[in-house]
Amino acid sequence: MDAAIHLHSVSKTYRTGVKALRGLAMQVGQGEIFGLLGPNGAGKSTLVRILLRLVHATECRGTMLGQPIGHVETLRRVGYLPEHVQYAPHLTPLDLIDLAGRLTGVPSAVRIKRGKQLLEAVGMERWRNDRLATFSKGMKQRVGLAQALINDPDIVFLDEPTDGVDPVGRKDIRTLMLDLRSRGKTVFVNSHLLGELEMVCDRVAILCRGQVVKEGKISDLTRQQARYTVVVEGDFLLQEGLVTLAMSLGGSVALNPEHSHTVITIPSGRPQVVQPLIDEIRKLGAVIESVTPARQTLEELFLDVVLTGGQKNAHQPQPEAQLTQF
Amino acid sequence: MQFAALISDTYRSLKSRGLYWVMLWMSIVLGVIYASLGCNETGWYLFFGVLKFPSSFLHAGTEWEKSLLMTTLDGLLDYWMLTWALVMAMFSASTVFPDSMRQGAIDLVLSKPVSRFKVFFAKYCGAMMFVAVQALVLAGICFLSLFLRLQILYWPVFWVVGLAVLIFSFIFCFNVLMGVLTGNSMAALLLTMLFWSCLWLVQKVHAASDPRIFNQSLRNAEQQDLKSMTSSVEMVHKVTSQTLFYLPHTQETADLFRRFTRAATPHTFQQILEGNRQPGIAPIPVYERSILDVITSGLVFQGILLGLAYWRFARRDF
């Protein structure tokens, strides 16, 4: 993987003594949509702000687009949408895009043409000459996204891009991100909307207390936590053979709240692992109501990592219904 | 392109505030009132002849007409452009740094390939441009009026643009430092006004305690009283003089306009109305400092404060 961002060690200790980042290391590939997750205070914003020279790092070893972090000219190839964007009230969307273009050295003719195209892409063409002060938060986010793209950047940092945006706008923004990826651009997204990230991100990193505790493709991270849930009619809690087999597979057996069904959970995403269990149930003459492969969602993974402080690697699957644990 | 973009953005931001237009309209109105002042064969008039004041000597084409126009010009530029317009400008400009340093606003600029020095300096220059434009409008109207009335191209009137910018910059650098340190435009404005008031007071006390002026005003006092008072006043003068050594001389900078145009304004307004030909303004050179000294001391003060403000701005985490 060619790295758009390669961080070996990034640390930041604020003057108050707060350690926001502790030797953070990570890699973001070119042409991928990368999601940065973490609870409040994990250091996500600090990291992005260090990469964009807004915050001075205590230690920063790494590169962005092949140049050391903090290299001014590299920012010509970077776009950024801040989280709580604040515009000067006198600006219109076209003014803002024009200013962003001038600051990144985009020629006048290109600014005009691309500015209109971008406003159209984010659905703000109609309001291009209205004052930003009159816009809703979602509208401001869309315009902010357009200004971040005026220089046709190779990396775009989006801090909560869909915050305050309506569902149609969110879809537009997702489409735009996917379009950027298809053109070989790198998109670095920082968001709390995990469902949104799951839809578009190729890889994610979860930050906890200033360090990366999980990093990888979403499919790989959640596959590790995949499981099968087998629901059988009747109470088989005292069937020793079945329970022993389930436990030998690392699973658990429980009853649903009504005691009408037995729920067996096997912590594996491989269907072969479940076959002996199904054979055993058949031998008992029991009726299998469902065999459900389940993969951990990004939100579950996130919560798991955050609640365990990133210490635990394996997820212990819990049956979805309230169960009496064997 | 970046520098021009940042200056123009700052200027437009100031222009979008109501106070910009209030100031501009007041300058225009005062300029037009000045333009309406003139003389005819019977005396002088205001508002293009609506108000007429007969005079036996103040007629069109006389030396007194020129004195009237020049002295009024001097008063207008001194009291309005070099004083009250600058106070109003400070109200507008004090928001420049705190507002642009807010999170979400500064990000949009600093995340671009532009150095912090350029951002800082462009914001500063944008505020100066705001004052320069206001002064230029008024100076332009006055220049045109003089040309129409007296058929002279009186270029020294444009000194007011440079002096207004200079005086404003002496005070604005303090405002910038306060704005960068507090991040709050209201706090920065209040502290600036406090500083400006103290500076004004020190300068006034310093000027009033000048022995040459003070002794002249106490000519009739008893010898004993005069002696004890003089020593106290000399002490005050010394203290204020030492204090002012470290501070910009805004009053003396404003007086530079009079120094540059003294030849054209030898009479006070009162003398013009009375037909008194004795030279009125600055009969003897009472200025303690040379022009270079007045300007340099302010620029050094400004350089130090701006250096401190930039140092904080450059090191700050946004």
Side-chain angles (χ1 to χ4, degrees), chain A residues 12-16 20 45-46 48-58 71-92 95-108 111 131 133 140 143-144 147-148 150-151 153 155-157 159, chain B residues 1-21 92-93 95-123 126-127 129-130 180-181 183-185 310-318:
Chain A
K12 173 66 186 176
T13 305
Y14 285 102
R15 282 194 302 168
T16 52
S45 292
T46 301
V48 172
R49 300 175 93 76
I50 285 174
L51 297 178
L52 295 164
R53 298 182 321 143
L54 290 157
V55 167
H56 300 284
T58 309
H71 183 248
V72 175
E73 284 307 306
T74 305
L75 295 177
R76 246 179 241 288
R77 299 164 60 194
V78 173
Y80 176 46
L81 169 65
E83 184 181 0
H84 301 293
V85 65
Q86 298 236 23
Y87 303 118
H90 65 279
L91 293 177
T92 67
D95 292 337
L96 179 75
I97 289 170
D98 186 62
L99 176 64
R102 288 172 81 184
L103 292 178
T104 43
V106 181
S108 174
R111 286 202 304 270
R131 286 195 168 204
K140 285 180 182 169
V143 177
Q147 69 78 30
I150 186 66
N151 53 335
I155 302 182
V156 192
F157 290 91
D159 207 344
Chain B
M1 181 155 73
Q2 287 178 328
F3 195 66
L6 287 166
I7 287 187
S8 121
D9 181 56
T10 307
Y11 179 68
R12 287 184 63 191
S13 149
L14 288 168
K15 216 174 90 173
S16 69
R17 293 167 210 273
L19 212 50
Y20 174 91
W21 298 104
S92 272
T95 57
V96 167
F97 277 84
D99 279 7
S100 62
M101 280 167 49
R102 279 182 304 171
Q103 206 173 55
I106 192 78
D107 312 31
L108 290 171
V109 177
L110 288 186
S111 62
K112 304 287 186 282
V114 50
S115 70
R116 288 195 182 198
F117 179 76
K118 215 181 253 185
V119 173
F120 183 88
F121 197 54
K123 295 269 167 208
M129 197 167 129
F130 170 68
V180 169
L181 289 178
N184 183 312
S185 56
Y310 174 68
W311 180 77
R312 185 74 193 94
F313 181 77
R315 288 176 58 89
R316 188 174 165 148
D317 288 332
F318 291 105

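Residue numbers start from 1 in every chain, and the chains themselves are labelled A, B, ... in the order their sequence lines are given, proteins ahead of strands. Computation of the quantities below employed the complete heavy-atom set of this structure, encompassing side-chain atoms and omitting hydrogens, waters and symmetry-equivalent molecules.
Contacts with chain B were tallied for R53(A), E83(A), R49(A); R49(A) has the most, counting heavy-atom pairs under 4.5 Å. For the set Q147(A), E73(A), R77(A), the count of heavy-atom pairs under 4.5 angstrom toward chain B peaks at Q147(A). Options S13(B), S115(B), S16(B) differ in how many heavy-atom pairs under 4.5 Å they form with chain A, and the most are formed by S13(B). Taking V78(A), L75(A), L81(A) one by one and counting their heavy-atom pairs under 4.5 Å with chain B, the maximum is reached by L75(A).
Residue F121(B) places its CZ atom among 12 or fewer non-hydrogen atoms of other residues, nucleotides or ligands, all under 6.0 Å distant.
For R17(B), no part lies under 4.5 angstrom from a heavy atom of chain A. Both the backbone and the side chain of R12(B) come within less than 4.5 Å of a heavy atom in chain A. Interface remark: V48(A) contributes no atoms to any contact with chain B (heavy atom separation under 4.5 Å). Heavy atoms closer than 4.5 Å to chain B are found in the side chain of L91(A), but not in its backbone. Only the side chain of L99(A) comes within less than 4.5 Å of a heavy atom of chain B; its backbone N, CA, C and O stay farther away. Heavy atoms closer than 4.5 Å to chain B are found in the side chain of L96(A), but not in its backbone. Of the atoms belonging to F157(A), not a single heavy atom falls under 4.5 Å from chain B. Contact of D98(A) with chain B is not made at all, since no heavy-atom distance falls under 4.5 Å. Contact of S8(B) with chain A is made through the side chain alone, with heavy-atom distances under 4.5 Å.
Contact detail for G104(B) and P82(A): the closest heavy-atom pair is O-CG, 4.3 Å. Closest non-hydrogen pair, F318(B) versus V55(A), comes out as O-CG2, 3.3 Å. Contact record, P113(B) with V72(A): CB-O, 3.3 Å, taken as the closest heavy-atom pair. The shortest non-hydrogen separation linking H56(A) to A314(B) is NE2-O, 2.8 Å. Counting all heavy atoms, side chain and backbone alike, K112(B) lies closest to A100(A) at CE-CB, 3.7 Å. In this structure, M1(B) and G105(A) approach most closely via the heavy-atom pair CE-CA, 3.5 Å.
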For this session: Apply side-chain contact (heavy atoms from CB on, under 4.5 Å) to the pair L52(A) and D107(B), showing each step before the final yes or no.
Result: CA-CA 9 Å; L52(A) 295 164; D107(B) 312 31; over 6 Å; no

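Here K12(A) pairs with D317(B) in a salt bridge; the nearest charged N to carboxylate O distance falls below 4.0 Å.
L103(A) contributes atom CG, which lies 5.0 Å from atom CG of L6(B) (distance to the nearest 0.5 angstrom). L14(B) contributes atom CG, which lies 9.0 Å from atom NE2 of H90(A) (distance to the nearest 0.5 angstrom).
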